[in-house]
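Encoded as structure tokens, the structure appears first; notes follow it.
Please read these numbers as outputs of a predicted model, since none were measured by experiment.
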Amino acid sequence: MRFDYAVWKSLPGILGVGYFMQTLHSRVERFTAALDAAGIPYGVCGGFAVIAWVTHANADYVRTTKDVDVCMRRVDLERAAIALKPHGFELTEVMGIPMFLDGPDATPKQAVHIVLAEDPVPDLGPGVRDENFHWARVELDRLLTMKMIANRAHDHVHVMDLYRSGAIDRTCIDRVPAHLRMPLKDVLDRCDREYGNSPH
């Protein structure tokens, strides 16, 4: 299932959001299944990894995401391109970021964005799977480190979601690189100040 602008436009209101998320779910499923079949290591990261970790802890705190991010080693990109081509994914690069376009008419927003497992991003690691998410996702401490390296507003929101859901607690501060500990503490402090025991 690929995103179809005409279908999306035909859906009323919130149903369009549901359709958009269905196409994202299909994208991550098709992409990772091809990598698994080819034996190529990867780890889903970004918003989809946050969804998986938050779902595992407390689904009340799950929110949507807008794209698919996958951590891979640069050395595997060429082999991945060969494995993914029969499934309609085309490797390209936009502003220095490698990505796989999903179909001939796809835009960079509709691509699988590749986060390269090289400095400063933590190396790939073994990946985690469970009964709800059979594709490999990056380990929680690696994901947290990646979020704090990126350090954008939505990365802070993702960290807060992980914290409020109980997926992480303050012991995680000691498990990220030293230069990220104070920024991470600041995000958790802000979360406590703004939400506390709020049911929202």
Side-chain angles (χ1 to χ4, degrees), residues 13-14 16-18 20-21 23-25 27-28 42-72 94-99 108-130 132-133 135-200:
I14 197 69
V17 178
F20 179 77
M21 287 303 296
T23 63
L24 283 186
H25 181 259
R27 188 171 300 145
V28 73
Y42 69 90
V44 174
C45 55
F48 259 99
V50 173
I51 288 172
W53 283 111
V54 170
T55 298
H56 184 71
N58 186 339
D60 285 347
Y61 293 94
V62 172
R63 71 176 73 232
T64 59
T65 188
K66 63 181 178 61
D67 55 19
V68 178
D69 299 300
V70 175
C71 189
M72 294 180 64
V94 177
M95 297 177 66
I97 299 172
M99 58 184 68
K109 284 284 190 184
Q110 298 167 15
V112 176
H113 304 120
I114 301 303
V115 179
L116 293 173
E118 55 191 30
D119 190 57
V121 173
D123 61 7
L124 190 54
V128 176
R129 303 172 193 251
D130 59 41
N132 295 316
F133 300 92
W135 31 261
R137 64 184 184 269
V138 296
E139 297 163 296
L140 191 50
D141 290 347
R142 293 176 194 274
L143 177 63
L144 197 55
T145 297
M146 292 167 77
K147 284 291 169 186
M148 292 310 300
I149 288 171
N151 204 34
R152 299 159 297 190
H154 76 270
D155 296 302
H156 293 182
V157 170
H158 282 158
V159 171
M160 290 183 187
D161 289 344
L162 291 165
Y163 183 53
R164 297 184 71 210
S165 71
I168 60 173
D169 58 27
R170 285 183 173 266
T171 62
C172 70
I173 295 172
D174 293 329
R175 300 197 301 271
V176 300
H179 69 286
L180 298 176
R181 290 172 190 166
M182 187 56 69
L184 176 55
K185 180 182 180 300
D186 290 343
V187 172
L188 301 186
D189 287 346
R190 178 183 172 193
C191 187
D192 284 339
R193 285 195 310 271
E194 296 185 1
Y195 294 102
N197 294 319
S198 169
H200 298 292

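A pairwise comparison of heavy atoms in Ala57 and Ala167 identifies CB-N, 3.6 Å as the closest pair. The shortest heavy-atom contact between Ile149 and Pro120 is CD1-O, 3.1 Å. The shortest non-hydrogen separation linking Pro122 to Met146 is CD-CG, 3.6 Å. The two atoms that bring Ser165 and Asn58 nearest to each other are O-CB, 3.4 Å, heavy atoms only. Considering every non-hydrogen atom in both Pro98 and Gly96, the closest pair reads CD-O, 3.6 Å. When all heavy atoms are compared, the tightest approach of Val138 to Cys71 is CG1-CB, 4.2 Å.
A salt bridge between Asp186 and Arg193 is absent, with no side-chain N of the basic residue lying under 4.0 Å from a carboxylate O of the acidic one.
A distance of 9.5 Å separates CG of Asp192 from CE of Met160, quoted to the nearest 0.5 Å. Here the CE atom belonging to Met148 is positioned 12.0 Å from the CG atom belonging to Leu143, to the nearest 0.5 angstrom. Rounding to the nearest 0.5 Å places CD1 of Ile51 at 15.5 Å from NE2 of His56. Tyr195 contributes atom OH, which lies 7.5 Å from atom CZ of Arg190 (distance to the nearest 0.5 angstrom). Note: Cys45 SG to Leu124 CG = 9.5 Å, rounded to the nearest 0.5 Å. In this structure, CH2 on Trp53 lies 4.5 Å from CZ on Arg137, to the nearest 0.5 angstrom.
Taking the side chain as every heavy atom from C-beta outward, Phe133 and Thr55 approach each other to under 4.5 Å. For the pair Glu139/Thr145, no side-chain contact is recorded, criterion being any heavy-atom separation below 4.5 Å from C-beta on. Between Trp135 and Tyr42 there is a side-chain heavy-atom pair separated by less than 4.5 Å. In this structure, Leu188 and Val159 have side chains that are in contact, with non-hydrogen atoms separated by less than 4.5 Å. Residues Leu162 and Val54 are in side-chain contact: their nearest non-hydrogen atoms beyond the backbone lie under 4.5 Å apart.
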Quiz prompt | Residues Asp123, Arg142; criterion salt bridge (Lys or Arg N to Asp or Glu O under 4.0 Å); working and verdict | solution = CA-CA 8 Å; Asp123 61 7; Arg142 293 176 194 274; 2.4 Å; yes
Practice problem: Take Val50 and Thr65 through the side-chain contact (heavy atoms from CB on, under 4.5 Å) test and state the conclusion after the steps. | Solution: CA-CA 9 Å; Val50 173; Thr65 188; over 6 Å; no
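Put simply, the side chain of His156 never gets that close to the backbone of Cys191: no donor and acceptor are under 3.5 Å apart.
Counting only residues at least two apart or in different chains, salt bridge (Lys or Arg N to Asp or Glu O under 4.0 Å) contacts with residues 50-66 comprise Arg63-Asp161.
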